[in-house]
Amino acid sequence: MKKALIPAIALAAAAAVSIPTAASASAPQHRGDRYERDHRGWQPIAQRKYNLDRRIDVGLRNGQLSRREAVRLRSELDQLVRLEYRFQRGGLDWRERQELDRRYDRLSAMIRYERRDRDNRRW
């Protein structure tokens with residue numbers, strides 16, 4: 001009897017753990033979740049800042065960005081970080097999250113454009 005009871009308990013425990021996980025994976029997620037966790041390819045906000053800064057560095061290093069373009073893009077990133085800190089003082093609501101998301105997307109597009117414009121200036 002004991003030999004049959006132990007595998008049954010182990011199976012029940014494994015099922016109890018996997019059912020809530022499966023249910024939470026299929027639950028609809030709000031787009032603002034980008035700021036709390038990585039889900040469906042969205043990046044946490046800190047990761048987005050790091051990636052944008054890295055893309056500016058790489059573009060400057062390999063000559064795709066001039067110094068002037070890199071300074072301007074870094075200034076935009078710094079302004080965006082300051083805005084994010086201002087928003088976070090009272091807690092981010094969904095409108096502020098959407099605004100930050102929109103601005104980060106716009107900055108990402110600006111970096112992509114400047115890196116691909118082939119002006120090849122190095123000043």
Side-chain angles (χ1 to χ4, degrees):
M1 180 72 173
K2 284 185 180 179
K3 289 183 180 180
L5 189 58
I6 292 173
I9 291 173
L11 184 60
V17 170
S18 65
I19 290 173
T21 304
S24 67
S26 65
Q29 299 292 324
H30 186 268
R31 183 171 168 89
D33 285 346
R34 176 180 291 180
Y35 297 93
E36 283 106 29
R37 70 179 87 95
D38 188 7
H39 180 73
R40 295 184 190 175
W42 292 340
Q43 296 175 341
I45 198 73
Q47 184 67 36
R48 289 188 82 185
K49 287 187 280 195
Y50 171 77
N51 286 342
L52 291 173
D53 191 42
R54 184 179 51 78
R55 286 173 54 202
I56 293 170
D57 285 341
V58 169
L60 183 60
R61 226 176 304 133
N62 66 17
Q64 291 175 326
L65 292 174
S66 67
R67 287 190 219 284
R68 186 176 295 166
E69 290 169 336
V71 166
R72 185 176 50 79
L73 291 169
R74 256 210 199 92
S75 172
E76 292 276 335
L77 181 60
D78 291 343
Q79 288 175 5
L80 193 50
V81 168
R82 283 193 298 274
L83 177 65
E84 180 187 354
Y85 286 140
R86 257 194 4 232
F87 282 168
Q88 285 180 347
R89 285 186 197 148
L92 287 173
D93 66 7
W94 66 273
R95 285 188 185 122
E96 292 169 339
R97 288 179 184 186
Q98 284 181 333
E99 178 68 15
L100 285 173
D101 193 34
R102 185 184 63 78
R103 288 185 183 208
Y104 274 109
D105 288 344
R106 181 177 163 268
L107 180 59
S108 179
M110 287 171 55
I111 293 170
R112 183 174 41 254
Y113 173 78
E114 292 295 343
R115 285 183 65 181
R116 295 179 179 180
D117 66 358
R118 298 186 184 269
D119 58 7
N120 295 327
R121 289 176 287 199
R122 293 181 181 253
W123 66 82

To the nearest 0.5 Å, tell me how far [X] [atom1] sits from [Y] [atom2].
X      : Y      : atom1 : atom2 : answer
Gln47  : Arg54  : CD    : CZ    : 8.0 Å
Arg55  : Gln64  : CZ    : CD    : 10.5 Å
Leu92  : Gln98  : CG    : CD    : 12.0 Å
Arg97  : Gln88  : CZ    : CD    : 9.5 Å
Met110 : Asp105 : CE    : CG    : 13.0 Å

Identify which one of Arg48, Lys49, Glu84 satisfies the side chain to side chain donor-acceptor pair (under 3.5 Å) criterion when paired with Tyr104.
Glu84

Taking 4.0 angstrom as the limit, do Arg112 and Asp117 come out as a salt bridge?
no

Note: Arg72-Glu76 ion pair, threshold 4.0 Å (strictly below):
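Not counted as a salt bridge, because no side-chain N and carboxylate O are separated by less than 4.0 Å.
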
With sequence neighbours left out, write down each residue that passes side chain to side chain donor-acceptor pair (under 3.5 Å) with Arg106, or none if nothing qualifies.
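By the side chain to side chain donor-acceptor pair (under 3.5 Å) rule, Arg106 matches no residue at all.
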
Checking Ile56 against Glu69 for the side chain to side chain contact (heavy atoms under 4.5 Å, CB included) test, could you report, in this order, the C-alpha distance in whole Å, the side-chain angles of both residues, the deciding distance, and whether it holds?
CA-CA 9 Å; Ile56 293 170; Glu69 290 169 336; over 6 Å; no

Examine distances only and state if a side-chain atom of Glu114 and a backbone atom of Ile111 form a donor-acceptor pair shorter than 3.5 Å.
no

Check the surroundings of atom CZ in Arg95: do more than 12 heavy atoms from other residues, nucleotides or ligands lie under 6.0 Å from it?
no

Single-linkage hydrophobic cluster Tyr50~Val81, side-chain heavy atoms < 4.5 angstrom
no

Hey, any chance Tyr113 and Leu80 share a hydrophobic cluster, counting ILVMFWY side chains that come within less than 4.5 Å of each other, even indirectly?
no

May I have the step-by-step check of side chain to side chain contact (heavy atoms under 4.5 Å, CB included) for Val58 and Leu65, ending in yes or no?
CA-CA 9 Å; Val58 169; Leu65 292 174; over 6 Å; no

Excluding sequence neighbours, so at least two apart, what forms side chain to side chain contact (heavy atoms under 4.5 Å, CB included) with Asp78?
Arg82

